[in-house]
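The structure appears below as structure tokens.
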Amino acid sequence: MKFGDMVMSVASITVVFALIAFPLEMVFFSALGISGMTSWGYIVSLLVSLFLSALIGGYIFAGKIWEARSEAIAKIAVLWAALVMLFAIIVPGSIADYGLSVKEEYLAANPGATLSTFEWVTWEYMYLDMFSFLMVGMALVLGLIGLYVGSMLRKPKKS
């Protein structure tokens with residue numbers, strides 16, 4: 001599988017993700033909602049979106065993936081996880097209440113705690129690192145599984 005094919009595969013996975021994420025968020029958020037500090041609806045929709053987008057990408061590019069199966073799946077999954085990591089780092093900065101929610105969660109877990117501005121910034125960096133770690137981990141695992149299953153659903157024709 002050529003690098004250009006991998007880039008097209010990741011671009012396709014990204015487009016599919018963008019098209020299915022919002023409808024799934026609406027469905028799961030309506031069904032599961034917010035429980036305390038956790039939005040199970042969002043978490044479940046994120047997991048399902050990551051898996052389904054990789055599954056569909058694996059199905060679409062099954063012919064190319066079968067050329068060098070495990071190597072192609074691994075390379076596509078790593079490239080997909082790298083793109084997800086960029087989103088995980090950039091997106092929280094565009095959400096106005098991100099820092100406030102991090103602060104609220106910390107104070108709820110540590111009542112009466114006081115931190116300096118530098119300590120708050122450090123805590124937010126750590127929180128962002130944790131979020132990036134989780135997003136990359138989920139993208140890798142669900143990407144590998146989705147690409148494998150998707151490519152299995154459409155086996156190449158024997159010649």
Side-chain angles (χ1 to χ4, degrees), residues 6-61 65 70 72-153:
M6 285 187 289
V7 170
M8 282 303 298
S9 176
V10 170
S12 298
I13 292 170
T14 304
V15 168
V16 169
F17 179 83
L19 292 174
I20 66 174
F22 177 68
L24 286 173
E25 287 169 6
M26 294 302 291
V27 169
F28 286 115
F29 191 79
S30 296
L32 302 172
I34 295 177
S35 171
M37 293 294 285
T38 306
S39 173
W40 286 108
Y42 180 74
I43 293 169
V44 171
S45 70
L46 180 64
L47 292 170
V48 172
S49 298
L50 286 170
F51 174 72
L52 283 179
S53 59
L55 178 88
I56 294 167
Y59 183 80
I60 293 169
F61 286 90
I65 289 173
S70 58
I73 289 172
K75 286 180 179 180
I76 293 169
V78 168
L79 197 56
W80 167 238
L83 182 63
V84 168
M85 184 185 79
L86 286 174
F87 287 135
I89 291 171
I90 293 168
V91 169
S94 65
I95 300 171
D97 290 331
Y98 174 79
L100 182 59
S101 71
V102 171
K103 194 177 274 191
E104 279 181 14
E105 193 169 329
Y106 180 85
L107 292 174
N110 304 293
T114 57
L115 298 177
S116 69
T117 303
F118 178 75
E119 290 169 328
W120 279 122
V121 169
T122 303
W123 180 251
E124 287 183 33
Y125 277 140
M126 289 171 41
Y127 200 87
L128 184 60
D129 290 342
M130 181 267 313
F131 179 69
S132 299
F133 174 79
L134 290 175
M135 290 297 296
V136 167
M138 288 188 304
L140 271 176
V141 170
L142 296 171
L144 287 168
I145 295 168
L147 286 164
Y148 178 78
V149 172
S151 67
M152 290 295 290
L153 293 174

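Between Leu19 and Val16, the closest side-chain pair of non-hydrogen atoms is not below 4.5 Å. Inter-residue side-chain proximity for Leu107 and Lys103 is flagged as met; some heavy-atom pair is nearer than 4.5 Å. Residues Ser151 and Ile73 have side chains in contact (heavy-atom distance under 4.5 Å, counting atoms from C-beta outward). Contact of the Glu105 side chain with the Tyr127 side chain is registered, since non-hydrogen atoms from C-beta on lie closer than 4.5 Å. Between Phe61 and Met6, every side-chain heavy-atom pair lies at or beyond the 4.5 Å cut-off. The shortest side-chain heavy-atom distance between Trp80 and Leu50 falls under the 4.5 Å cut-off. Looking at Leu46 and Leu24, their side chains never come closer than 4.5 Å, going by heavy atoms from C-beta outward.
Contact between Thr114 and Glu119 at its shortest, heavy atoms only, is O-OE1, 4.4 Å. Residues Pro92 and Leu128 share a closest heavy-atom pair of CG-CD1, 3.7 Å. Closest non-hydrogen pair, Gly143 versus Ala54, comes out as CA-CB, 3.7 Å. Contact detail for Leu142 and Leu47: the closest heavy-atom pair is CD1-O, 3.5 Å. Pairing each heavy atom of Gly57 with each of Ile13, the nearest pair is CA-CG1, 3.9 Å. Nearest approach of Ile89 to Ser132, heavy atoms of both residues: CG1-OG, 3.6 Å.
Within a 6.0 Å sphere centred on CE of Met8, other residues, nucleotides and ligands contribute 12 heavy atoms or fewer. Environment of OH in Tyr148: sparse, with no more than 12 heavy atoms of neighbouring residues, nucleotides or ligands closer than 6.0 Å.
The side-chain contact (heavy atoms from CB on, under 4.5 Å) check on Asn110 picks up Tyr106, Ala113, with sequence neighbours excluded.
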Audit row: Ile20, Val48, side chain to side chain contact (heavy atoms under 4.5 Å, CB included) steps and yes/no: CA-CA 9 Å; Ile20 66 174; Val48 172; over 6 Å; no

Could you go through Val84 and Thr14, starting from their C-alpha distance and side-chain angles, then the distance that decides it, and tell me whether this counts as side chain to side chain contact (heavy atoms under 4.5 Å, CB included)? CA-CA 9 Å; Val84 168; Thr14 304; over 6 Å; no

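Rounding to the nearest 0.5 Å gives a distance of 14.5 Å between CH2 of Trp123 and CZ of Phe118. Interatomic distance, OG of Ser9 versus NZ of Lys75, reported as 13.0 Å (0.5 Å rounding). For the atom pair CD1 (Ile60) and OG (Ser12), the distance works out to 5.5 Å, reported to the nearest 0.5 Å. Once rounded to the nearest 0.5 Å, the distance linking CE of Met26 with OG of Ser45 reads 10.5 Å. In this structure, CE in Met138 is found 8.0 Å from CD1 in Ile43, a value given to the nearest 0.5 Å. A distance of 11.0 Å separates CZ of Phe87 from OG of Ser94, quoted to the nearest 0.5 Å.
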